[in-house]
Structures are given as C-alpha cells and as structure tokens.
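Reviewing the structure listed below.
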2 protein chains.
Amino acid sequence: MGELTIRTMEDFAAASGVSRPTVSKYFHDPGSVRKSTRERIEAALEQYDYRPNIYAMNQNRQLTKSVGIMVPYLADPVFAEIARTLERRCIEAGFHATLFSSHGERKLESEALNDLRSLRPSGVLLAPLGRSSDRDHIARFCEEVPTVLLDRNIAGIGEAFVGSDNKSFVSQSVDYLTRTGEPPCFFEMRNPGNPNSLARHRCYIEAMESHGLEPMLVQVEGEGWNLEEIGYQGGMRALQDRSFPTDTVLCSNDRLAIGLLAACYEKGLRIGRGSGCALRVAGHDDHPYSRFTCPSLTTVAHEYDLVSDCGAETLFRLIEAGGRFDDRTETLFSARLVLRASA
Amino acid sequence: MGELTIRTMEDFAAASGVSRPTVSKYFHDPGSVRKSTRERIEAALEQYDYRPNIYAMNQNRQLTKSVGIMVPYLADPVFAEIARTLERRCIEAGFHATLFSSHGERKLESEALNDLRSLRPSGVLLAPLGRSSDRDHIARFCEEVPTVLLDRNIAGIGEAFVGSDNKSFVSQSVDYLTRTGEPPCFFEMRNPGNPNSLARHRCYIEAMESHGLEPMLVQVEGEGWNLEEIGYQGGMRALQDRSFPTDTVLCSNDRLAIGLLAACYEKGLRIGRGSGCALRVAGHDDHPYSRFTCPSLTTVAHEYDLVSDCGAETLFRLIEAGGRFDDRTETLFSARLVLRASA
DNA sequence: GAAGCTTTTTGTCACGCGTAAAATTGTTAT
DNA sequence: ATAACAATTTTACGCGTGACAAAAAGCTTC
C-alpha cells in the first residue's frame, strides 16, 4: 500500500478526506462536527494513529487545557498521595496535568515556578514550601497564572486557599489526650522545613493555655525532610536524658512519631494507654503508614481526599470564571481524630 | 518610562539592542555569543524578565532538551525516591524533566506514554508496570523515542536497561537466613501488581533448590498497591491459621513485611533472631521506612541511588549518541544485605 | 594597520497549527 | 420543492521561534 507517512494535520486531513480546519475543530471538540464527519476522522485515526503536535497547538491556543500541580516534596507520602489524587482529578476533567516538586528547596521552588509559568497553564494547584518560600516570587507568579493554594496558606496570595484547619488538628489531639490522661508535651523540630509545623506549634500552645495548662516543648535538632530519622535520633536522646516532662507525647506530625516509636521500641518501652505502658504517643496527619506502626499510631487525620477534591474543584471553577475570583475564599477542612493503640 | 511590554523575542531583541537571531543563539547556548553581547542581553533580561515561548521554541527544535521520567506508582516511597533522584540528575544535566506516573494501571500507563510521546522528549527513563504493561504499546513507543528501561526489564525493548539483579537479592537473603537458622518460607501476593514480584518468586524457588531445600510459599490475597494492608491482613490470617511452615519468613518486598510486622505486633509475637523470639522476618528493597519498623527490618538493599545515577548517565550517553545504541546493554546492580534486628 | 578569524547582523524560509471570513454544501422544516 | 439554517470547505493570514546563508562588523595577531 502506497501510504505515505502522516506527519502533519494537513496530511491527515487529506488521508481522511476532510479539510484541515475541520480536523482542527474535531480535536478541539469532537462533538462540534457532524456525526458522519466524526466517523470518517476516527476511522482514519485508527489507521494512522496521528496526534497533533502539542507545541504547535498551544502556541496559538488561548486555553491550554493543561494545569500544573506543585508540591513541596514528592517523596513525602502525604504529598505523594495528594499529588496522585490531584493528578487523577485533572485528567478526569480533561486537563493535562504536569507535576512539579520543590524538593524542599526554595531555589528549586522558584525555578519550578518559572518552568511552570512558561507552560502557560490554564491554572495551577500550588502547595508551597511555606516558611522557606520566596513570597514575592510566588505573589508575582499568582498574578500571571490563576492559582489555587493548597495545604499551606499565604495570606492574600492566590485566588483561593484550600487546606486543613491546624487549630482543629491540635485542639482535638490535645483535648483527647488531656481528657484521658496526663496533658501532652509537644515533640517537634526546632527548625522545621515542612509547611504546617509553625502553625501547629502555635496551636499547641494555644490549646494548652485554653485548658489553663503550661505548654511543654521538646524540640529536636535536624534539618531537611528525613523526619523519621530526626524523630528517631531526637527520641533516643530525649529518652536517655529523660527530658520528656510527662508520659504523653504529642508529635507535630506522624513522621516524627514513627521515628520516636522506633526509638521507644529499641529502648524497650511499652507504648499505649493501658496500665503497664510507659508512654503514650500521638501524631498528626494520618500518614499512610501510621496504621502499621507498632503499636498503631493514634493520630488526627488530614483529609487528603477532601482537600484534593475541593482544591481541584475550586481550580476548575476558577478556570471557568476566567482566572479571577471576585473575592479570595479560604476553605478549611476539620481534622478527624483517629484512635488507635498508641495513645 | 515609556517601556512597552516585551512579549516576543523580537521585542526583547530591540530592547536589548541586539538582533533577534543573536538572542535566539544566546538562549540556545549563552556561551556562544561574545561576552559584551552576553552582558547586554543579561542586563535587559533583568529589566524585563522576558522568557522565550516554550511552545514556539520546541516547534522547530530537533533536540527538545527535555526528558520524560515515568514510574509505575508515584505514591510508593521507593519509586518516589527514584523519581526524585532522576529528576535532580536531569535538571543538573540541563534538561527539563517531566514526571509521569502510571498510577498502577495499564490504561493510564499507555495514556501517559502517549502524552509523553507528544512532548517529543530527547529521551525517556521508563520504569514500566511490568506484568500488566501493554508490551506492544511500549515497544512501539521505544521505537520512536530513545528510552532507557529502569527497574523492570522487558526483553528486547528500549535501548538499554538498568536495574537490580533480583537473583542477587533473593539469594543473599535466602543464604543468610538458611545459614543462621531455619530456611525461610516466602511471603508474597498471589497476584502481584508491582514489577519485580514474579522474578523474585522464581529466584526464591531457585535459591532454595540450589540448597537442596523444598520451597515453601505463603501466598496472600489482595489487589493493587496497598501492600502494607495486604501484608497485614494476610499476616493476621496466616498467624491465626498457623500456616507459616517455619519460624523464618522472607517477604517479597519490605512493604509486605511492614504489614506483617504490624500483624505480629498485634498478636504479641516477639520478632527477631534472639532466643525468646517467635519469628524471624526479612524483606527486600531497603524501603525508606524499613529502618524504623519495630523491630527494625533486616532486608536486602535496592541501591536506588546507583540505579538512578547509572540510568540517568546511560540516558545522557544515549542522547549524545543520537538516540540509538549499537547493542542493548543491561546493567544490573547487586543487592546489599542489610542486617537489622528482625532476622 | 592589514590579514585572518570570529561574532553579529540581516534576511528569508520553515514549522504545524489556530482562527476568521466567505463561499459552498448538506440537512431539516415548511 | 423551497426556504432557512447548520455544517463544512476554501482561502488567507498569523503565531513566536529555529535554522541557515550571506554579508557586515568586530576582534586578535603579527
């Protein structure tokens, strides 16, 4: 068969017996051409598996039909899960999703933002680094690209924010622990790199004071995102120095708690709320593995799915609204206490 | 200041007092223009923060300076870590990396491959789903795009393969366990979804037979990528039914082992190699959390970093070689036994 | 200061498709 | 059958850049 290879839309249009603009229209919206025409195009499509050049398409299109997703650290299971859910929602909504990670570094976040901007996406779902973000850079970015902020709020930046209410996280855990035993001390990094740590720090202090109790902080050293290791090392030291002021430890997040539990196990400490237990340990986030720690970890669930779904929905509404909202909405999801064996 | 907005390279060239082709050359390789010219361009660059239109650029470029990275499941910490390392290597080498995940589904893998192809990348690092991949689809993809296969080999497909030697994984664990106690039974999924499970299954049988021992399989039910849960449920059942034929359990991968350890803990079983321990448990991969299980997990390390580095290097060589190698090389890294407390 | 080389300019074509307007064809209702 | 309308084709232009060739300008070296 003397079929010459199909390279351009021109070629393909000729092969399918339809004009090029009609083919173009078909790819823009298959429902916009007559049924008989659509069938001819789709028949040719199977025969030649032609795909339009994405670069040439986007060069002149006003609506790119692509969205960017950016998270602070993709190797963190919580963000990996959020990114996974977001990507699926975008694909289902007919968008092409491009995934970016800041790798925990300010510089890389800014660079990724630049790359993202040059993709000219219809919209962006951005979970910023937070404290170490280049605030001005993000602000400028958000002025050019319709952006929904996720997980970590930055006041006044972006068209909307969707995340969890840190206050509800910490107040629930503090309330529960105080009600069922000794009030908790707070186990955290001295210089945290992940977004919500500082907010939780404040919320812990607030929650304790609202109970008329003195806040007790146990701060561990360490840099970066290797949180289990930091929790483990800090836990070992704290146990050796007997620097836990109570028998109840509330960890800033589950990853620190996982490290602390490992340290406790190594020290032969029994963890849990029964008699004969030396320590109660609780965390925050409902990390995918907190279900499988030994003992299983009592924690406060970060409702990934709700946040992701709502974030995606908000972005789609934003895109339909032309990229701007009249006023900036902030949607906060309450946390959900998950009782397990460790506290 | 009557500065009109800079939109095109033409505008920018005028604003910087240089001709447009020179600006184009600068973006292609800043070192290719004279120093004084470079400085003028860079001065203008700071003033106007112009960035060339990426779509218009790639429309005519033969070499896109972008690479695609694709993994089976981004929410799996092992693949998240591999993806993270690969992305950094690519950025360091001056490429723009685009990340894709198959989300564990054959259909999504094929679709992502189509999207990836239409990006016309210089090269692709592909860790395929394996058993559930659409082999023909991948083969066709690899004929069009220079591809290095990672982690999971598919015979004859792609220009090169870089991964770990499953035989060295399993033989090391079997040897060690057999040498220091009872020979291990093999704890695995009956219908595994992740890439290397079947290979490890075969290697276990081979290793046992080479010792003149009868292979003992403990297969658990379950679908998908929620491996800890599957290991936990399967472990609970096996412990109740007393279906572990020996006191030594070798898990197909660490995630199953993490679930099994949680089940053992809940059953009150002591794990480890000391006297007074009911069971020894070991895994494969050196999962990022295997260090923090209770007890810490004896395992065989998957050398992520070596595989990632070598994979990236191989791809860069491939790209420089014009996209084809004369013969298909397969690089296997040996595993490294990691002794911890659980076995 | 002139030869010899490198860099830059200028000009032109190509890339693959979006988009608009006008002309034509096809479809449906009357 | 004819009008009225919708879908399609034709025609033509534009998008922002890469690639190339030839001419002009700049720099280095002796």
Side-chain angles (χ1 to χ4, degrees), chain A residues 4-45 48-66 96 115 117-120 122 144, chain B residues 4-45 48-66 94 96 115 117-122 144:
Chain A
L4 43 130
T5 46
I6 305 293
R7 299 234 135 269
T8 77
M9 191 180 278
E10 194 83 51
D11 295 344
F12 178 75
S16 59
V18 179
S19 76
R20 188 183 66 74
T22 304
V23 174
S24 171
K25 215 175 155 201
Y26 168 84
F27 279 110
H28 191 67
D29 173 13
S32 69
V33 304
R34 198 188 304 147
K35 194 181 158 201
S36 60
T37 312
R38 185 165 55 239
E39 281 164 354
R40 286 167 71 182
I41 292 179
E42 278 161 1
L45 216 46
Y48 300 105
D49 90 319
Y50 160 79
R51 318 194 80 219
N53 180 314
I54 187 176
Y55 298 108
M57 282 180 66
N58 286 326
Q59 176 163 359
N60 302 323
R61 241 207 247 291
Q62 65 304 348
L63 226 172
T64 322
K65 270 293 175 189
S66 77
H96 173 85
D115 288 352
R117 186 176 51 168
S118 65
L119 287 180
R120 304 183 191 275
S122 299
E144 284 192 32
Chain B
L4 43 130
T5 46
I6 304 292
R7 300 234 134 270
T8 75
M9 190 180 278
E10 195 82 52
D11 295 344
F12 178 75
S16 59
V18 179
S19 76
R20 188 187 65 74
T22 306
V23 173
S24 171
K25 218 174 153 203
Y26 168 83
F27 280 110
H28 192 68
D29 174 14
S32 70
V33 304
R34 197 190 304 147
K35 195 181 159 200
S36 61
T37 312
R38 184 165 56 236
E39 281 163 357
R40 285 167 71 183
I41 292 178
E42 278 161 2
L45 215 45
Y48 299 105
D49 90 317
Y50 158 79
R51 319 194 79 219
N53 182 313
I54 188 176
Y55 298 108
M57 283 179 64
N58 287 324
Q59 180 160 4
N60 301 326
R61 239 205 249 290
Q62 68 304 348
L63 226 170
T64 322
K65 268 294 173 189
S66 77
H96 173 85
D115 288 351
R117 186 176 50 169
S118 65
L119 288 180
R120 304 184 190 277
S122 299
E144 284 192 32

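Scope of the values below: all heavy atoms of this structure, side chains included, with no hydrogens, waters or symmetry mates. We name chains A, B, ... by the order of the sequence lines, and we start the count at 1 in each one.
When the nearest nucleotides of DNA chain C are assigned to B/P21 and B/A56 by heavy-atom distance, the more 5′-ward of the two goes with B/P21. Along DNA chain C, the nucleotide nearest A/R7 and the nucleotide nearest A/S36 are compared for position; the residue whose nucleotide lies closer to the 5' end is A/R7. Residue-to-nucleotide proximity on DNA chain D shows that, of A/V23 and B/N53, the 5′-proximal contact is made by A/V23. Along DNA chain D, the nucleotide nearest to A/T22 and the one nearest to B/K25 differ in position, and the one closer to the 5' end is contacted by A/T22.
Note: A/Y50 and A/F27 have perpendicular aromatic rings, judged against thresholds of 30 and 60 degrees for the angle between ring planes.
Counting distance only, with no hydrogens placed and no angle test, the side-chain atoms of B/N60 and the base atoms of D/dT17 include a donor-acceptor pair under 3.5 Å. On a pure distance criterion of 3.5 Å, no polar donor-acceptor pair joins the side chain of B/R20 and the base of C/dG11.
Between atom CZ of residue B/R117 and atom CZ of residue A/R51 there is a gap of 6.0 Å, rounded to the nearest 0.5 Å. Within the model, atoms CZ of B/F12 and CG of B/L45 stand 4.5 Å from one another, a figure rounded to the nearest 0.5 Å.
Closest to the B/V33 side chain, of the nucleotides C/dT8, C/dT9, D/dT17, is C/dT8.
Applying the side-chain hydrogen bond (donor to acceptor under 3.5 Å, both in side chains) test to residues at least two apart or on different chains, the pairs with a partner in residues 12-28 of chain B are B/S19-B/T22, B/Y26-B/E42, B/H28-B/R61.
Within 4.0 Å (heavy atoms only), B/S24 reaches sugar-phosphate atoms of the nucleic acid but no base atom. Across all strands shown, B/Y50 has heavy atoms under 4.0 Å from sugar-phosphate atoms exclusively, and none from any base.
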